[in-house]
Amino acid sequence: MSESSGSAVPSLTAASRTAERPTTGPVTEAFRPRSSSRSMQTTRRMARGLCAFDRLIPRLDLDPGPHDPAREAISRRTPRGGAPMPELPDKATEFIDWYLAVVEAADLTDKRYPVKGLNVWTPYGMAARRHFDRVLVREIEATGSRAVEFPTLIPETEFAKEKEHIKGFDAQVYWVTKGGATDLDTKLVLRPTSETAMYPIFALWVRSHRDLPLNVYQIVNVFRYETKTTRPFLRDREIHFFEEHTCQANEEHATERVRSNRAAFAKMAHAFALPYLAIRRPEWDKFPGAYYSIGLDVPMGEARTLQIGTVHHYRENFSRPYGIQFEDADGSQRFVHQTTFGISGRLLGAVVAFHGDQRGAVFPTELAPYEVVVIPIPSADSGDAPDGLAGEVADRLVRHGRRVRLDRGEERPGAKYYHWELAGAPLRLEVGRREAEQRTVHAVDRLGRKESLPIEGLERRVDERLAEFDRALSERARGAFQEAFSVALRLDNLAGSTKVRVVSWCGREECGHRIEQAIDGSLLGTPEDPLPFATPEIGPCIACGTIEGARWAIAARPL
RNA sequence: GGGACUGUGGGGUAGCUUGGUCCAUCCUUCGGGGUUCGGGACUCCGAGACGCCAGUUCAAAUCUGGCCAGUCCCA
């Protein structure tokens, strides 16, 4: 491509961008995710290089700018004749492209699997997932839940027992209809969730009030035939899924379990440095078969939200059709009250999407495949000293229990920095001639903060440094979270905002739908907790003007 | 479910309108050698692609049809 081919077809975007950027020097093209590249081609062909030109960005643009003398010095010193590396799309204006670029470039997924919506978990992505699971297991088991695993296939006869449930999932289940060449007498569904697999068995397990509560969870894959566009982690057809199912003696105990699940989720979210809102879904949007549903939502920018978890209270809605009853202390037969708690692998995507920045992914320490990356910086005049010290540092931290990657690759140090920033490693330790002489390491965290650490007591200093990183990451996330909401007082200014809207709603379905129409999205429901930001006094419902029953509700465009 | 569009080495692209100038170009990637190494190194050698199947034609990446895969839009 050439610059002239692009400038022959100017556009406002191209013109405004190039106006603020020098057009000389090495140029590069934005990294494009594999998935959208095909669709981009139509546009590109039509525009004859326009789009490509739009992406011609001088390489030094990555740096703080020409006013930084240190950077200038570096760029003068460093040979710059080479091919420039791709840029990430702008997170603020091209969120989806940015996200797809990050999850691929950070090597969390390989999207080339030839079936829509099925995700390949790469070694790096899988490592993050295992740490993710570890946090979920730790927190749910702390509340007295035990692991089980039920089969992937569910007979149609069981699947159809709860009417609302089957209605809600009918359109998105995969059917298994054949075994070899034989048509199956009873068709099987690939579980989209496991109520209907578990509950016939729960009916056998629960006989007495002494069997209660029954709190079990499993981490398995579920399948949902998504008709919408799929995105790695955020919307897959094969979903990595955590689900807890419980049976309680009565409604109050079930309500208490919901509370307990929410508390456990708060701890999980804390580990991921992820702020969220617990929102009770409106009647028309609750889980099929539930008495009520609480969604756990994270704002993702552009007025969008991502549901990263759910807690449901089923009352007796499932225990009756599935016959889960017990003999109470007084000798009477009662149906159990049930709850479920679900978290999908999209939470992992949410972490990448929420914390990531223009340099790539940012993992909180708990999730990072490598918490610490050690990079030796060899040079002609320092011999093996840096490499030796780097090895010593890595050894010590591994013995200390840290997940460490000693990067002895052939790339130059700078290339490694970029790579590990893209991959989201929380802490980088650089060891060169200076450090070898002084017995120190140069520590740089993923938020760009630098510090020299002495080798003596390094383990403790690294622990502190990582804790401080997580704290700062949480703080940054809280700031972004609070910025993501704004109150809307009128129906006609709901649309067009980049904020998730906080509105007054009388609670009636008719008004709810009017609000949804106005924002071209969903009314997520009413927050379970006081909003974590200032709101004015509640006014009349923005749809009908009634003050009676008005409460704050959240309206957004779910991702 | 309806419609539109797109498939070129591991990745990104050019070429397609108007078939031949293309045993397909450039960047990146990968393997090997050398010089390097404090923010995306250089250099030399090498590897690697027209989604699949038919058709039209003297000749197909290019035109036609079917299939497969993908993307977007609408319901």
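Quick note on labels: first sequence line is chain A, next is B, and so on, each numbered from 1. Worth knowing before you read on, the calculation uses all heavy atoms, side chains too, and leaves out hydrogens, waters and symmetry mates.
For the salt bridge (charged side-chain N to carboxylate O under 4.0 Å, His left out) test, residues two or more places apart in sequence or in another chain that qualify with A:Asp463 are A:Arg402. Residues that satisfy the side-chain contact (heavy atoms from CB on, under 4.5 Å) test with A:Lys178, not counting sequence neighbours, are A:Asp183. A:Arg237 meets the side-chain contact (heavy atoms from CB on, under 4.5 Å) test with A:Lys116, A:Leu118, A:Tyr174, A:Tyr225, A:Glu226, A:Thr230; sequence neighbours excluded. The salt bridge (charged side-chain N to carboxylate O under 4.0 Å, His left out) test applied to A:Glu421 returns A:Arg359, A:Arg428, not counting sequence neighbours. Scanning for salt bridge (charged side-chain N to carboxylate O under 4.0 Å, His left out) contacts around A:Arg557 gives an empty result, with sequence neighbours left out. Residues passing the salt bridge (charged side-chain N to carboxylate O under 4.0 Å, His left out) test with A:Asp236, sequence neighbours excluded: none. Taking A:Glu283 as the reference, A:Lys286 meet the side-chain contact (heavy atoms from CB on, under 4.5 Å) condition, with sequence neighbours excluded. Evaluation of the side chain to side chain donor-acceptor pair (under 3.5 Å) rule for A:Trp121 yields no partner, not counting sequence neighbours.
Contacts of residues 512-522 of chain A with RNA chain B (heavy atom under 4.0 Å): none. A heavy atom lying under 4.0 Å from RNA chain B marks the following residues of residues 423-434 of chain A, by number: A:Arg428, A:Glu430, A:Gly432, A:Arg433, A:Arg434.
Rounded to the nearest Å, the gap between the C1' atom of B:A49 and that of B:G15 is 14 Å. Straight-line distance between the C1' atoms of B:A60 and B:U8: roughly 14 Å, to the nearest whole Å. Taking atom C1' on both nucleotides, B:C50 is separated from B:C23 by 13 Å, rounded to a whole Å. Nucleotides B:A61 and B:C16, compared at atom C1', are 7 Å apart to the nearest Å. One P atom belongs to B:U36, the other to B:U25, and the distance between them is 34 Å to the nearest Å. With C1' as the reference atom, B:C27 and B:C63 are 31 Å apart, rounded to whole Å. Taking the C1' atom of each, B:U6 and B:U13 are spaced 15 Å apart, rounded to whole Å. Remark: the separation of the P atoms in B:C44 and B:C58 is 46 Å, to the nearest Å.
Applying the salt bridge (Lys or Arg N to Asp or Glu O under 4.0 Å) test to residues at least two apart or on different chains, the pairs with a partner in residues 348-358 of chain A are A:Asp357-A:Arg446, A:Asp357-A:Arg476.
Across the protein-nucleic acid pair, A:Leu118 atom CG and B:G70 atom C1' stand 14 Å apart, rounded to whole Å. Atom OH in A:Tyr418 sits about 6 Å away from atom C1' in B:G40, given to the nearest Å. Put simply, CD on A:Gln358 is 16 Å from C1' on B:G40, counting in whole angstrom units. Atom pair A:Arg112:CZ and B:G51:P shows a separation of 17 Å (rounding to whole Å applied). A:Lys116 places its NZ atom 18 Å from the P atom of B:U6, with the value rounded to the nearest Å. The separation between A:Glu104 atom CD and B:U71 atom C1' is 14 Å, rounded to whole Å. Put simply, CG on A:Asp170 is 15 Å from C1' on B:G1, counting in whole angstrom units. Atom pair A:Asp407:CG and B:G38:P shows a separation of 14 Å (rounding to whole Å applied).
The residue among A:Tyr113 and A:Gly414 whose nearest nucleotide of RNA chain B lies closer to the 5′ end is A:Gly414.
Counting only N and O atoms by type, the side chains of A:Asn221 and A:Glu238 include a donor and acceptor under 3.5 Å apart.
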Please enumerate all protein N or O atoms sitting under 3.5 Å from an N or O of nucleotides 33-37 of chain B, with distances to 0.1 Å.
residue, atom, partner, partner atom, Å
B:U36, O2', A:Arg412, NH2, 3.3
B:C37, O2', A:Pro378, O, 2.6

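Base-pair partner of B:A41: B:U35 (Watson-Crick or G-U wobble, both distances under 3.5 Å). Figure legend. B:G51 is base-paired to B:C67; pairs are counted as Watson-Crick or G-U wobble with both atom distances under 3.5 Å. Pairing for B:A24 is absent, judged as Watson-Crick or G-U wobble with the two contacts each under 3.5 Å. The base-pairing partner of B:U18, taking Watson-Crick or G-U wobble contacts with both distances under 3.5 Å, does not exist among the strands shown. In a base pair of the Watson-Crick type (N1 to N3 plus N6-O4 or O6-N4) or a G-U wobble (N1-O2 and O6-N3), with each distance short of 3.5 Å, B:C30 is matched with B:G46.
Checking B:C72, B:G38, B:U71 against the side-chain heavy atoms of A:Thr230 singles out B:U71 as nearest.
One finds a salt bridge joining A:Arg439 and A:Glu392 here, because a Lys/Arg side-chain nitrogen approaches an Asp/Glu carboxylate oxygen to under 4.0 Å. Using a 4.0 Å cut-off between charged nitrogen and carboxylate oxygen, A:Glu164 and A:Lys167 count as a salt-bridge pair.
Geometrically, A:Arg129 does not engage A:Tyr124 in a cation-pi contact, judged by NZ or CZ lying under 6.0 Å from the ring centre and within 45° of the ring axis.
Applying the 3.5 Å distance criterion, the base of B:G39 shares a donor-acceptor pair with the side chain of A:Glu421.
The aromatic rings of A:Phe132 and A:His240 sit tilted relative to each other, their planes meeting at an angle between 30° and 60°.
For B:G11, neither phosphate oxygen OP1 nor OP2 lies less than 4.0 angstrom from any side-chain nitrogen or oxygen of A:Lys111.
Within 4.0 Å (heavy atoms only), A:Lys416 reaches no atom of the nucleic acid at all.
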